[in-house]
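Quick notes on the structure that follows.
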Amino acid sequence: MGLVALRARSARQLAKPTAAAIARAAVLLRAGRLVAFPTETVYGLGADASSDRAIAAIYAAKTRPRINPLIVHVADAAAAARLVRFDARARALARAFWPGPLTLVLPRRPGTKVSWLASAGLDTLGVRAPDHPVAQALLRQAGRPIAAPSANRSGKVSPTTARHVAQSLGPRVALILDGGPCRVGVESTVVDLCGRQAALLRPGGLPQEAIERVIGRISVPVTTTRASAERSPGRLASHYAPRARLRLDAKKADRDEAYLGFGPLPPGLEARYVRNLSPKGDLAEAAANLFAALRALDRPQVRVIAVAPIPARGLGAAINDRLGRAAAPRG
Ligand code: TXA
Ligand code: MG
């Protein structure tokens, strides 16, 4: 295909989220096609959660291992409670934070129509109501739950713009709704509420501290801490990985390295390519910029991206988690 034809096709694939485009997206979803859409965290690769064929297409498009379950997106807590068993903690968290960057893992209701492939055969489901007008409009028009992982190839950096999606998945997606850059920039926090003790499965866009103010202490399995990643890198699957290697906690960088800063840049910095996640040291701003900055620094001539230390509090936990995985040895 020539360049002009390619451009024409990608122009049709990317759509401003007008009412007509959202209606077209809903029709495509109901027909079992894949539609990428913006959420407040990252772009999602959506499919009808009840269709085995559509879910299989997600795994194929991402080359995602089928043992890794997908998050099922719903408009609100009432829709979620039709799929999973809500308990008092789930109700309290949904009231406090939905729509928002929080995924709840709960026991699946018997008879729920969600594809078993979506939950990788588990009798639990991760559910979330996204806080984005385009995602909300799409969910309501589709009239059914939408399974959606981040819209990137498995193991790669998550997309925070429609262009990232087109670059990563291209023609595997029927339509990409372009809602501009994502506000939060890191994926949702995943909390497992299936046991008596709530557990943090993935730090994300909602800080752990905020969740604990509502339901009390949640446990953090060791595999989700950066310290454990460093002690036992083998246990941490390489993920969110740019092509270049990452060097964390770097206070300087050589000329042939790139530097990803946070707060004031170190004096006398030699790196040729520099991005700053947040010159004023704001963690929310840093999270929003993280994935786009990693992509921008991941140039063919850059072998190492040196990364400034990032505080561990609040959204810093999610940022450090993603950086730790990006730095982990490659499979
Ligand atoms: O912010 C987000 O969560 C984005 C947007 C699109 O909503 N989605 C996202 O999906 O990050 P994905 O597939 O990239 O990550 C889903 C995470 C994985 O770590 C998966 O293992 C976990 O959620 N998960 C989903 N269902 C689960 C379940 N039933 N039990 C345990 N973990 C589950
Ligand atoms: Mg992902």
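We use all heavy atoms of the structure for the numbers below, so side chains are in, but hydrogens, waters and symmetry mates are not. Order of listing sets the numbers, starting from 1, for every ligand and every atom in it.
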Looking at the Mg ion (ligand 2), is there an N, O or S atom belonging to Ser154 that lies under 2.8 Å away from it?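 No - counting backbone and side chain alike, Ser154 has no N, O or S atom under 2.8 Å.
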Inspect the surroundings of CZ in Arg30 and state if more than 12 heavy atoms from other residues, nucleotides or ligands are less than 6.0 Å away.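 Above 12, so yes.
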### Task
Look at atom CZ of Arg313 and say whether more than 12 heavy atoms of other residues, nucleotides or ligands are closer to it than 6.0 Å.
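No, not enclosed.
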Starting from [atom], find the nearest protein heavy-atom neighbour and note its residue, name and distance.
atom                    : value
atom 8 (N) of ligand 1  : Ala148 O, 3.7 Å
atom 6 (C) of ligand 1  : Gly44 CA, 3.5 Å
atom 31 (C) of ligand 1 : Leu201 CD1, 3.6 Å
atom 3 (O) of ligand 1  : Ser188 OG, 2.5 Å
atom 22 (C) of ligand 1 : Pro69 O, 4.3 Å
atom 5 (C) of ligand 1  : Thr41 OG1, 3.6 Å
atom 19 (O) of ligand 1 : Arg202 NH1, 4.2 Å
atom 30 (N) of ligand 1 : Val105 CG1, 3.6 Å

Is the closest basic N to carboxylate O distance between [X] and [Y] below 4.0 Å?
X      : Y      : answer
Asp131 : Arg183 : yes
Asp282 : Lys280 : no
Glu40  : Arg128 : yes

Which is it for [X] and ligand 1 at heavy atoms under 4.0 Å: side chain, backbone, both or neither?
X      : answer
Thr124 : both
Glu40  : neither
Ser150 : both

Residue pair Thr112 / Leu83: nearest heavy atoms and the distance that separates them: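 So the minimum-distance heavy-atom pair works out to OG1-O, 2.9 Å.
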* Taking all non-hydrogen atoms of both residues, which atom of Gln136 and which atom of Ala75 are closest, and how far apart? ->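 Nearest pair, atom of Gln136 first, then Ala75: NE2-O, 3.0 Å.
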Can you confirm whether the side chains of Asp52 and Ser115 place a donor and an acceptor under 3.5 Å from each other?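 A pair is found: one side chain offers a donor N or O, the other an acceptor, under 3.5 Å apart.
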#### Entry: Polar contact flag, side-chain donor to acceptor under 3.5 angstrom, Thr103-Ser188
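Yes - a donor-acceptor pair under 3.5 Å links their side chains.
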Does Asp298 form a salt bridge (charged side-chain N to carboxylate O under 4.0 Å, His left out) with Arg243? I'd like the steps, not just the answer. CA-CA 6 Å; Asp298 194 22; Arg243 193 199 36 78; 3.6 Å; yes
Using a 4.0 Å cutoff against the non-hydrogen atoms of [X], which atoms of ligand 1 qualify?
X      : answer
Asn68  : 18 (C), 20 (C), 21 (O)
Arg64  : 12 (P), 13 (O), 14 (O)
Gly126 : 26 (N), 29 (N)
Leu70  : 25 (C), 26 (N)
Pro149 : 10 (O), 12 (P), 13 (O)

(message) Is there a polar contact, in the sense of an N or O pair closer than 3.5 Å, between Tyr43 and ligand 1?
(response)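 N/O-N/O distance under 3.5 Å: no.
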Under 3.5 Å between some N or O of ligand 1 and some N or O of His73?
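Yes, His73 has an N/O under 3.5 Å of an N/O on ligand 1.
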Is there a side-chain hydrogen bond (donor to acceptor under 3.5 Å, both in side chains) between Gln301 and Tyr273? Walk through the geometry before answering.
CA-CA 10 Å; Gln301 59 275 48; Tyr273 303 104; 2.9 Å; yes
### Query
Do Ile146 and Phe37 have side chains that get closer than 4.5 Å, going by heavy atoms?
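Contact flag for Ile146/Phe37 side chains = yes.
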